[in-house]
*Asks:* 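Take a look at this one; I'll ask things after.
Numbered from 1 within each chain, the chains take letters A, B, ... in sequence-line order.
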There are 2 protein chains.
Amino acid sequence: MSQRNTGVTVQEVNAHACPVREVLDRVAGKWSVQILVAAAHGPIRFTELERGIEGISRRMLTLTLRNLERDGLVTRTVHPTVPPKVEYELTPVARELHETLQRLTDWAERNRHYVADARAAYDTEHAPELVAE
Amino acid sequence: MSQRNTGVTVQEVNAHACPVREVLDRVAGKWSVQILVAAAHGPIRFTELERGIEGISRRMLTLTLRNLERDGLVTRTVHPTVPPKVEYELTPVARELHETLQRLTDWAERNRHYVADARAAYDTEHAPELVAE
DNA sequence: CTGCATCCGATTGGATACTG
DNA sequence: CAGTATCCAATCGGATGCAG
């Protein structure tokens, strides 16, 4: 490890990077992950999501749900009642994804202070007078 | 599991979702992950990154590196030679992150076809005539 | 070689109002 | 209840040129 570049190395790992970006692009939106998390416990209704996810607009909730549905990550079930009732549920594939995201959460919680400190230190060092303001 | 919402459930998981978003925001940029991957093998120079990551502009490389440095995920080492030589290297924390991202890659590779098919099916079903074009 | 500054287009996301 | 439509502001990212 820790070797210098050997010419092909970067190109090679770049090929491995593409699938990662595929995932992240799919989850990159501001709300996708929170929806996945909120729906992880079982079927959940549109309004429940809207109330449960602080700050989300109806528009973004709809758009994000559509994208998740399109990618086969959530199912949309319309109950033809009155008033209408629509339930969203994670697919098995999305549940796997959710578990994987849990690892990321763990990492974030373990290192949130480290990152926050690093950020503060960096800011202090690069713009001392601006930080105070 | 599979229970309906119990009122606090969504709020509760939402609290868990925040750290996830912290992570993702940090890695959400178009290039952050590819840089992390490219630098995972050891110290790497600016130009090597620029050549290795297909399509990245010098501007975005600089900006993304600065953000990663700010968050304590990469170190920047300037060798005061002529011509100047700057090497970037992942911090231990970033290496952990990189491993976690690997899980995401695995998920992506396992399910890339599933997602692609779901997407194609969705598009076919929702805009049949537009898909052909 | 390693950056920063500027301009500009594209995309994202919020606010609001309207509908079956 | 569960959306859709429209408008608008902010951010992101590419292209280019200049500099230590």
*Asks:* To the nearest 0.5 Å, how far apart are OG in B:Ser32 and CG in B:Asp25?
*Replies:* 10.5 Å
*Asks:* Expressed as a whole number of angstroms, how long is the span from A:Arg76:CZ to D:dG3:P?
*Replies:* 4 Å
*Asks:* Enter the distance from A:Arg103:CZ to B:Glu96:CD here, rounded to the nearest 0.5 Å.
*Replies:*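 Reported value, rounded in 0.5 Å steps: 13.5 Å.
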*Asks:* Starting from C1' on C:dA15, measure out to CG on A:Leu61 and report it in whole angstrom.
*Replies:*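 From A:Leu61 CG to C:dA15 C1': 16 Å.
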*Asks:* Base, sugar-phosphate, or nothing: which does A:Thr62 touch, judged by heavy atoms less than 4.0 Å apart?
*Replies:* base
*Asks:* Whole Å only: how far is the CG atom of A:Leu63 from the C1' atom of C:dG13?
*Replies:*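 To the nearest whole Å, that distance equals 9 Å.
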*Asks:* What's the spacing between B:Thr77 OG1 and B:Arg45 CZ if we round to 0.5 Å?
*Replies:*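 Atom-to-atom, B:Thr77:OG1 and B:Arg45:CZ are 12.0 Å apart.
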*Asks:* Distance check needed: D:dG3 C1' versus A:Glu48 CD, whole Å only.
*Replies:* 16 Å
*Asks:* Can you tell me how far P of D:dT4 sits from CD of A:Glu50, to the nearest Å?
*Replies:*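 Nearest whole value for this atom pair: 13 Å.
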*Asks:* Nearest whole angstrom, please: distance from the P of D:dA2 to the CD1 of A:Ile53.
*Replies:* 14 Å
*Asks:* Would you give the length of the straight line joining atom OG1 of B:Thr64 to atom CG of B:Leu73, rounded to the nearest 0.5 angstrom?
*Replies:* 12.0 Å
*Asks:* Quick one: pull up CD1 in A:Ile35 and CG in A:Leu90 and give me the separation to the nearest 0.5 Å.
*Replies:* 10.5 Å
*Asks:* Below the 4.0 Å mark, does D:dG3 have OP1 or OP2 next to a side-chain nitrogen or oxygen of A:Tyr88?
*Replies:* yes
*Asks:* So if I define the base as every atom that isn't primed, P, OP1 or OP2, how would nucleotides 14-20 of chain D read as a B/S/- string at a heavy-atom cutoff under 4.0 Å?
*Replies:* BB----B
*Asks:* Within the structure provided, determine whether A:Thr105 and A:Val37 are in side-chain contact (heavy-atom separation under 4.5 Å).
*Replies:*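 Sidechains of A:Val37 and A:Thr105: no contact.
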*Asks:* Nearest 0.5 Å please: distance from the CZ atom of A:Arg110 over to the CG atom of A:Asp106.
*Replies:* 6.5 Å
*Asks:* Could you tell me the separation between the CZ atom of B:Arg45 and the P atom of C:dC1, rounded to a whole number of Å?
*Replies:*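 Atom-to-atom, B:Arg45 to C:dC1, this comes out as 7 Å.
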*Asks:* Atom NZ of B:Lys85 and atom P of C:dC1: how far apart are they, to the nearest Å?
*Replies:* 12 Å
*Asks:* Can you identify which nucleotide, out of C:dG3, C:dC1, D:dA2, has its nearest atom closest to the B:Pro83 side chain?
*Replies:* C:dC1
